[in-house]
Participant: 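Quick one: this structure, given as structure tokens, is what I'll be asking you about.
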Amino acid sequence: MFLRGTCGKYKSYLCAMNKRVRVRFAPSPTGGLHLGGVRTVLFNYLFAKKHGGDFILRIEDTDQSRFVPGAEDYIVQTLNWCGMIPDESPVVGGPFAPYRQSERKESYKQYATTLINAGHAYYAFDTPTELEEMRNHFKTSENPSPQYNHAIRAKMRNSLSLDAAEVAALLSANTPYVVRIKMPDHEEVTFTDMIRGEVSFNTSQVDDKVLLKADGMPTYHLAVVVDDYLMKISHAFRGEEWLPSAPVHVLLWKYLGWQNEMPEWAHLPLILKPDGHGKLSKRDGDRLGFPVFAMDWTDPKTNEKAIGFKERGFLPEAFVNLLVVLGWNDGTDQEIFSMAELIEKFSIDRVHKGGAKFDYEKAKWFNAEWIKNADNAYLAGLVQPYFDAAGIVVNDPAYLQKIIGITKERCILLPDFITQAGFYFSAPTQIDTASIAPKWDENKKNFFEALCMAFENSNSNDPLELENIFKALTATHGLKAGELMLPMRIMLVGGKFGPGVFEIAATIGISDTVARIKHALTLL
RNA sequence: GGAGCGUUCGUCUAACGGUUAGGACCUCAGGUUUUCAUCCUGGUAAUACGGGUUCGAUUCCCGUACGCUCUACCA
């Protein structure tokens, strides 16, 4: 295996390398960022920070027809929420600005021209209709998707099939054209992927990809190579779906004379649907009832809203944590990692090759773990918006933190605090009397009336003392504590949940406790 | 169809030729908690298949099967 040998067992890939680590996340701003995208960012970020390098955000907006307003800002906000702040980006700028490819449009054409002059690319004048005709014409059951390749290009209208005068005439008449790469007929293109080892392709299987579109914009293929070179990217991480077009990129690096500067490639495994097979999509979330996007995203065209992990009540720490273990582990049994730990422990050679099915149950477990171990003051800040939305009024921040501390082990998602902690701030509006009524009688009613008086007389806020009063009174009424505690709990919190009843009574205070019992008594 | 990539419990994964194939989620059975949750103990459950190489393969090689990705003037 290429990872072993002279570099040692799990020695970093870096040992063979001496240039500064610079990585980029290069999304297309076409919508919300989903799990797979955020994980790609995460691996980029961790790798950069682990090696003291730079993390760059570059917006690949070369397809004007797919431009979606707000998508770029959404991406920035998402990175921000996750705590992965780019060192260079369209918002903070940097030494290689601009970081939007649409703003770099003019710089790509010269490289296309260089390639044409060197015989590695050519002009193609085929219209979309002609391309469609070609595909229909050559389509067979054996070959359902004919490619514009070395075998077909001679039959098409391009600067390889047409004679020079004709080409010159077409160009001077401003005929729309694209520039295509001229793939070699039969050549083995091999490169080393950091995750997969040696990968090779025969160029006969790769088509003549469009490099420069008719509108003058580069396609991804040209833009990614040019910008990675110009921005001195040392390591390029992307999803596995890019693997088949990697030979195009490798050849471009070579043809442009930048072979020695080519980044190390790492094609990341995909995040798959929980059920069945295939890449996880937004639709799966809708269908199975869990978020796929990092944050809420509303499509400005369709007004379709997709829920995000953030709004569903995930902590960013948990989100990062659940993402990183989808395809990576540190070799031990540890599963909970902070960002700081990840930066220290991350290594690309422990990233899996195979795709991982997303498991929402486990995702929730990560969040519950993070909530349980989170600082109360920190949680208070996160819970506050949910309380605001639910109309729960918090007057005393210290009280809120205390309540969070005693209820957080019961919460899986942030909104769970509304039910698990809301009753500390106001009397429950819904009281599960149905769970009391069947065994309710006059004697119990008398008990609770007596209890209210006893509590008021004691005016205690000590749980133990309240419990003693309660128990002493059960005896005088000929009742057992066990058959009265559940009714009392329901009177105080509304249902069968929450911490110890006397803890609750002491915390909300005697007057509230008595008021809630008296109110419940009117409902029974 | 073609090319590439992949394949350990239901799911995420450990195991770098020698382990009773380990952990976690889920689930099940107990215990703690006069509620719920937490917590604790334990159980069920996996190397896709077939050939090699080797004293010995989850591990290395080949083949098969299955899956995924790509096969746009989208990324």
Side-chain angles (χ1 to χ4, degrees), chain A residues 1 3-4 9-10 26-30 60-63 65-66 124 126-128 131 135 139-149 176-180 193 195-196 199-202 204-207 209-215 217-221 223-224 238-247 267 269-270 272 274-279 322 325-336 352-366 368 372 407-412 416 420 435 480-486 488-490 493 495-501:
Chain A
M1 278 291 284
L3 289 175
R4 298 166 197 163
K9 236 181 176 180
Y10 285 125
S28 178
T30 51
E60 310 233 343
D61 55 350
T62 53
D63 187 353
S65 67
R66 296 215 307 164
D126 318 277
T127 63
L131 288 175
R135 292 194 181 105
K139 184 154 61 174
T140 61
S141 61
E142 298 293 282
N143 181 13
S145 42
Q147 297 185 313
Y148 198 119
N149 62 13
Y177 66 86
V178 301
V179 176
R180 287 179 181 271
D193 185 277
I195 293 169
R196 286 149 218 286
V199 181
S200 48
F201 295 84
N202 192 292
S204 64
Q205 302 297 331
V206 186
D207 63 340
K209 295 279 184 220
V210 170
L211 264 21
L212 205 64
K213 298 186 264 191
D215 65 2
M217 277 285 195
T219 59
Y220 172 83
H221 306 295
V224 73
R238 71 204 335 187
E240 191 186 346
E241 69 267 28
W242 288 108
L243 210 40
S245 58
H267 290 90
L270 267 15
L272 277 12
D275 59 337
H277 302 283
K279 249 195 315 189
L322 70 92
V325 297
L326 249 29
W328 177 87
N329 70 84
D330 76 338
T332 73
D333 286 342
Q334 183 173 348
E335 296 199 89
I336 303 295
H352 256 254
K353 293 184 179 77
K357 288 185 188 175
F358 178 66
D359 180 0
Y360 188 52
E361 291 307 314
K362 184 129 191 190
K364 286 192 291 191
W365 176 78
F366 276 107
K372 254 187 310 192
T407 54
K408 63 185 178 185
E409 68 194 25
R410 286 155 214 281
C411 298
I412 293 170
D416 293 342
Q420 293 295 338
S435 294
K480 284 183 224 152
E483 54 186 330
L484 294 164
M485 286 182 68
L486 187 63
M488 175 153 159
R489 160 178 304 285
I490 293 171
V493 313
K496 298 183 215 176
F497 56 86
V501 247

Participant: Is there a Watson-Crick or G-U wobble partner for B:G1 with both distances under 3.5 Å, and which nucleotide is it?
Facilitator: B:U71

Participant: Does A:Pro128 reach a base, just sugar-phosphate, or nothing at all? Heavy atoms under 4.0 Å.
Facilitator: base

Participant: Who pairs with A:Ala363 by side chain to side chain contact (heavy atoms under 4.5 Å, CB included), at least two apart in sequence or on another chain?
Facilitator: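 Only A:Phe314, A:Leu322, A:Phe358, A:Tyr360 meet the side chain to side chain contact (heavy atoms under 4.5 Å, CB included) criterion with A:Ala363.
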
Participant: For A:Ser200, report the nucleic acid contact type (base, sugar-phosphate, nothing); a contact means any heavy atom under 4.0 Å.
Facilitator: sugar-phosphate

Participant: Check whether any side-chain N or O of A:Arg135 sits under 4.0 Å from OP1 or OP2 of B:C73, and answer yes or no.
Facilitator: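 Indeed, a polar side-chain atom of A:Arg135 lies that close.
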
Participant: How would nucleotides 34-45 of chain B be written as a contact map, 5' to 3', with B for base contact, S for sugar-phosphate-only contact and - for no contact, using protein heavy atoms under 4.0 Å?
Facilitator: BBBBSS------

Participant: Considering only side-chain heavy atoms of A:Ala356, which listed nucleotide, B:C73, B:C12, B:C5, is closest?
Facilitator: B:C12

Participant: What is the separation between atom NZ on A:Lys279 and atom P on B:C5, rounded to the nearest whole Å?
Facilitator: 18 Å

Participant: Give the nucleotide from the list B:G1, B:G4, B:C70 with an atom nearest to the side chain of A:Pro144.
Facilitator: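 Ranking B:G1, B:G4, B:C70 by closest atom to the A:Pro144 side chain puts B:G1 first.
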
Participant: According to the Watson-Crick and G-U wobble definitions, with both distances under 3.5 Å, which nucleotide is paired to B:A65?
Facilitator: B:U7

Participant: Nearest of B:G6, B:C12, B:G4 to any side-chain atom of A:Leu243?
Facilitator: B:G4

Participant: Is A:His221 close enough to B:A75 that one of its side-chain N or O atoms is under 4.0 Å from OP1 or OP2 there?
Facilitator: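 A:His221 to B:A75 OP1/OP2: no side-chain N or O under 4.0 Å.
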
Participant: Under 3.5 Å, is there a donor on one side chain and an acceptor on the other for A:Arg238 and A:His267?
Facilitator: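 Yes, A:His267 and A:Arg238 have a side-chain donor paired with an acceptor closer than 3.5 Å.
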
Participant: Just how far, in rounded Å, is C1' of B:C73 from OH of A:Tyr220?
Facilitator: 17 Å

Participant: Which is true for A:Thr219 with a 4.0 Å heavy-atom rule: it touches a base, it touches only sugar-phosphate, or it touches nothing?
Facilitator: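 A:Thr219: backbone/sugar contact only, no base atoms under 4.0 Å.
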
Participant: Quick one, give me the B/S/- string for nucleotides 18-33 of chain B, reading 5' to 3', where B means a protein heavy atom under 4.0 Å from the base and S means that only happens at the primed atoms, P, OP1 or OP2.
Facilitator: -----SBS--------

Participant: Can you tell me if A:Asn329 touches the phosphate of B:A14, counting only side-chain N or O atoms and a distance under 4.0 Å to OP1 or OP2?
Facilitator: yes

Participant: Give none if B:U53 has no partner; otherwise give the nucleotide forming a Watson-Crick or G-U wobble pair with it, both distances under 3.5 Å.
Facilitator: none

Participant: Using the test ring-ring contact (aromatic ring centres under 6.0 Å, His included), find all partners of A:Tyr148 that sit at least two apart in sequence or belong to another chain.
Facilitator: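 Testing A:Tyr148 for ring-ring contact (aromatic ring centres under 6.0 Å, His included), a comparison that skips the adjacent residues, returns none.
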
Participant: Applying side chain to side chain contact (heavy atoms under 4.5 Å, CB included) to A:Arg180 and A:Lys209, what does each step give before you reach the verdict?
Facilitator: CA-CA 5 Å; A:Arg180 287 179 181 271; A:Lys209 295 279 184 220; over 6 Å; no

Participant: Looking for any heavy atom pair under 4.0 Å, which part of the strands does A:Lys364 touch: base, sugar-phosphate only, or nothing?
Facilitator: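 Nothing, no nucleic acid heavy atom in range.
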
Participant: Counting any heavy atom closer than 4.0 Å, what does A:Gln147 reach on the DNA or RNA strands: base, sugar-phosphate only, or nothing?
Facilitator: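 Touches sugar-phosphate only.
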
Participant: If pairing requires Watson-Crick or G-U wobble contacts with both distances under 3.5 Å, which nucleotide is the partner of B:G30?
Facilitator: B:C40

Participant: Got a sec, which residues hit salt bridge (Lys or Arg N to Asp or Glu O under 4.0 Å) with A:Glu361, two or more places apart in sequence or on another chain?
Facilitator: A:Lys364

Participant: Is A:Arg180 near enough to B:C73 that one of its side-chain N or O atoms lies under 4.0 angstrom from OP1 or OP2?
Facilitator: yes

Participant: Is A:Thr62 touching bases, backbone alone, or none of the nucleic acid, heavy atoms closer than 4.0 Å?
Facilitator: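 Here A:Thr62 touches the backbone only, sparing every base.
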
Participant: Can you tell me how far P in B:U54 sits from the matching atom in B:C61, rounded to whole Å?
Facilitator: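 About 16 Å, rounded to a whole number of Å.
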
Participant: Students often get this wrong, so: under 4.0 angstrom with heavy atoms, is A:Leu270 touching a base, only sugar-phosphate, or nothing?
Facilitator: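 Here A:Leu270 touches the backbone only, sparing every base.
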
Participant: May I ask you to verify if any side-chain N or O of A:Lys139 is less than 4.0 angstrom from the OP1 or OP2 atom of B:G2?
Facilitator: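 For B:G2, OP1/OP2 do not have a side-chain N/O of A:Lys139 under 4.0 Å.
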
Participant: Which nucleotides of nucleotides 61-67 of chain B have their base under 4.0 Å from a protein heavy atom (B), which only their sugar-phosphate (S), and which neither (-), written as one string 5' to 3'?
Facilitator: ------S

Participant: In terms of relative ring orientation, are A:His221 and A:Trp242 parallel, tilted or perpendicular, with 30° and 60° separating the classes?
Facilitator: perpendicular

Participant: Using purine N1 to pyrimidine N3 plus N6-O4 or O6-N4 for Watson-Crick, or N1-O2 and O6-N3 for G-U wobble, both under 3.5 Å, which nucleotide pairs with B:U47?
Facilitator: none

